[in-house]
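Comments concern the structure below.
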2 protein chains.
Amino acid sequence: MVINQQKSCANCKHCLVGKFCSPEWISKVDAGKNQLLYRKGQYIFYEGALVFGLHLVTEGKVKIISNVSGSKEQIVRLATDGHVLGRWGDKEDIYENSAVSLEDSVICFINNDLLHDVCLANPEFTFQLMKYYASELRKSGKQIKCLGQMPVKLKIVETLLHLVEIFGLDSKRNIAAAISRQEIAEMAAVNMEQVSREITALKKRRIISTNGKQIIINDLEKLQEIVATQMDILDLDS
Amino acid sequence: MVINQQKSCANCKHCLVGKFCSPEWISKVDAGKNQLLYRKGQYIFYEGALVFGLHLVTEGKVKIISNVSGSKEQIVRLATDGHVLGRWGDKEDIYENSAVSLEDSVICFINNDLLHDVCLANPEFTFQLMKYYASELRKSGKQIKCLGQMPVKLKIVETLLHLVEIFGLDSKRNIAAAISRQEIAEMAAVNMEQVSREITALKKRRIISTNGKQIIINDLEKLQEIVATQMDILDLDS
DNA sequence: ATAAAAACATGATTTATATCATTAAATTAT
DNA sequence: ATAATTTAATGATATAAATCATGTTTTTAT
């Protein structure tokens, strides 16, 4: 995925600019943007830093995290191809979260001034960007409900479903992302041991299997049924 | 606050339409919008219902709630003057939350088609609406971190600060909204008894006082310090 | 290929928080 | 104003989930 030459927005499969801006503006963004490769584990921006502009994920996987008293972390959101990181920033605006690449990822940066100009000149683009944030807000609402009201086991199942929703399944029904137990714990706001226990329980019931840290979803419908009915996996007859 | 005659967007203090649309479009929205009074406790829209358009809070206070297995509820967000409820909805889109008036509130409704037209014709309006959702997303991120990572006591203090941030304090330093202990619990995702206990603890330390269900913030800085330092109120010497 | 280091799994124990039970205080209605 | 009803406070108890401790895989590096 190493890129030697910046791709045009028009050729990026999921890019909102390429899909919703006029040809002239696509050219202007192509000239003004900055496309970079971030290696797995690299920070794209840091909590506390000034917001200079917007990041658009061309290709890759990213976690948005929030630091909790030094060591602990909460994963607040996930992003992949076509998603947006951060936001347009007023002067003095700082990031409240950090963005970290989960795998090698290609990401475009558009600075605040250029973004504002693009938005004013391309209302359909702005409309779509508005819809994007509204949709992320909806997902956040789901997570708030999940973290606030669900018992640990359901939080973990819900998190697995969320991973499938964002990253999808590959041809072998693997969750298409290299996510550790610790990271699942940081999404669900539980501890890692509970994730291990729950994964074991789901494996015993053959709803999932694992191959190393890879998680294979054998029975997606069953997982969905578990959250829909708030059922306890261990309550099921074995 | 009873309204006999619909106000023009241009005369609504905080309305994004009045502030960022052209005069012609303000007139069109005035003609096409529907301004209604919702009494305290009334539902503005229901979880599961089709999304026909956007609601703008002219004046009032609203909670956005999500139902948890029948009886329990999670407050996902709060809204007041100038805020936006719901979102532009594609056909078949349904609400994932309900919106309930916390006090008598005047709210405008703009349907999906009109909203789309307004957005395309008024890019600065769309830009501001986009910024609004991005800003709400940021607040949701804070809440996710709070619910996921903080002990009960800090969740409650953080919730009090959030109420102050959204609704402000009146001249007597009362939180300017009629919020019950149960509702604070539904924001912080804790139970009502814990809210009572924490409020008692904060009163003993004279950081807050109460007058019935009204909460008076005597020492806002101290509250902020508590969350900033993750300090336990009961650890303080009495 | 082998060693070293991470990451994961699992049982025992502790702890934070929810639930339950009761009393007291505010609201609301008569 | 008084009674009725709802909301809030507080103590006792139960329980879910975190922490701790240890062993086992899996991954990474040499």
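Values below: every heavy atom of this structure, side chains too, minus hydrogens, waters and symmetry copies. Residue numbers start from 1 in every chain, and the chains themselves are labelled A, B, ... in the order their sequence lines are given, proteins ahead of strands.
Both A:Ala189 and B:Met192 lie close to DNA chain D; mapped to their nearest nucleotides by heavy-atom distance, the more 5′-ward contact belongs to B:Met192.
Between the CD atom of A:Glu73 and the CD1 atom of A:Ile65 there is a distance of 3.5 Å, given to the nearest 0.5 Å. Interatomic distance, CG of A:Leu169 versus CG of A:Leu220, reported as 6.5 Å (0.5 Å rounding).
The shortest distance between side-chain heavy atoms of B:Leu161 and B:Gln224 falls below 4.5 Å. Looking at B:Val68 and A:Lys145, their side chains come closer than 4.5 Å, going by heavy atoms from C-beta outward. The shortest side-chain heavy-atom distance between B:Glu198 and B:Val152 does not fall under the 4.5 Å cut-off. Residues B:Phe167 and B:Leu102 meet the side-chain proximity criterion, which asks for heavy atoms closer than 4.5 Å. Inter-residue side-chain proximity for B:Ile107 and B:Phe109 is flagged as unmet; no heavy-atom pair is nearer than 4.5 Å. Looking only at side-chain heavy atoms (C-beta outward), B:Tyr133 and B:Val84 come within less than 4.5 Å of each other.
Across the protein-nucleic acid pair, A:Ile156 atom CD1 and C:dC8 atom P stand 13 Å apart, rounded to whole Å. Taking atom CD1 on A:Ile215 and atom P on C:dA7, their separation rounds to 15 Å, with Å as the unit. Atom pair A:Ile199:CD1 and D:dT24:P shows a separation of 20 Å (rounding to whole Å applied). Here D:dT7 presents its P atom at 10 Å from CD of B:Glu183, a figure rounded to the nearest Å. One interatomic measurement links the two molecules: CD of A:Gln182 to P of D:dA18, which rounds to 12 Å at whole-angstrom precision. Between A:Ile179 atom CD1 and C:dA7 atom C1' the separation is 14 Å, expressed in whole Å. Rounded to whole Å, atom C1' of D:dT10 lies 14 Å from atom CD of B:Glu198.
In this model, a side-chain donor or acceptor of B:Glu193 finds a partner on the base of C:dC20 within 3.5 Å.
Without hydrogens or angle criteria, B:Asp104 side chain to B:Arg39 main chain gives no donor-acceptor distance under 3.5 Å.
Using a cutoff of 4.0 Å between basic side-chain nitrogens and carboxylate oxygens, A:Glu136 and A:Lys139 are scored as salt-bridged. A salt bridge is absent between B:Glu158 and B:Lys155: the closest approach of a Lys/Arg side-chain nitrogen to an acidic carboxylate oxygen does not fall below 4.0 angstrom.
When every heavy atom of B:Leu85 is checked against every heavy atom of B:Ala99, the shortest pair comes out as CD1-CB, 4.4 Å.
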Distances for protein N/O vs nucleotides 13-17 of chain D N/O pairs under 3.5 angstrom?
{"from": "D:dA17", "atom 1": "OP1", "to": "A:Val152", "atom 2": "N", "distance (Å)": "3.0"}

Pairs: protein N or O with nucleotides 24-30 of chain C N or O, under 3.5 Å:
{"from": "C:dT27", "atom 1": "OP1", "to": "B:Lys213", "atom 2": "N", "distance (Å)": "2.9"}

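In terms of phosphate contacts, B:Ser196 brings no side-chain nitrogen or oxygen within less than 4.0 Å of OP1 or OP2 of D:dA8.
The side chain of B:Arg181 lies closest to D:dA8 when the candidates are C:dA9, D:dA8, C:dT10. When distances are taken from the side chain of A:Arg197 to each of D:dG11, C:dT10, C:dA9, the shortest belongs to C:dT10. Closest to the B:Ser180 side chain, of the nucleotides D:dA8, D:dA9, D:dC20, is D:dA8.
Each end of the helix from C:dA1-D:dT30 to C:dT30-D:dA1 gets its own axis from five base pairs, and the two axes differ in direction by 60°, given to 10 degrees.
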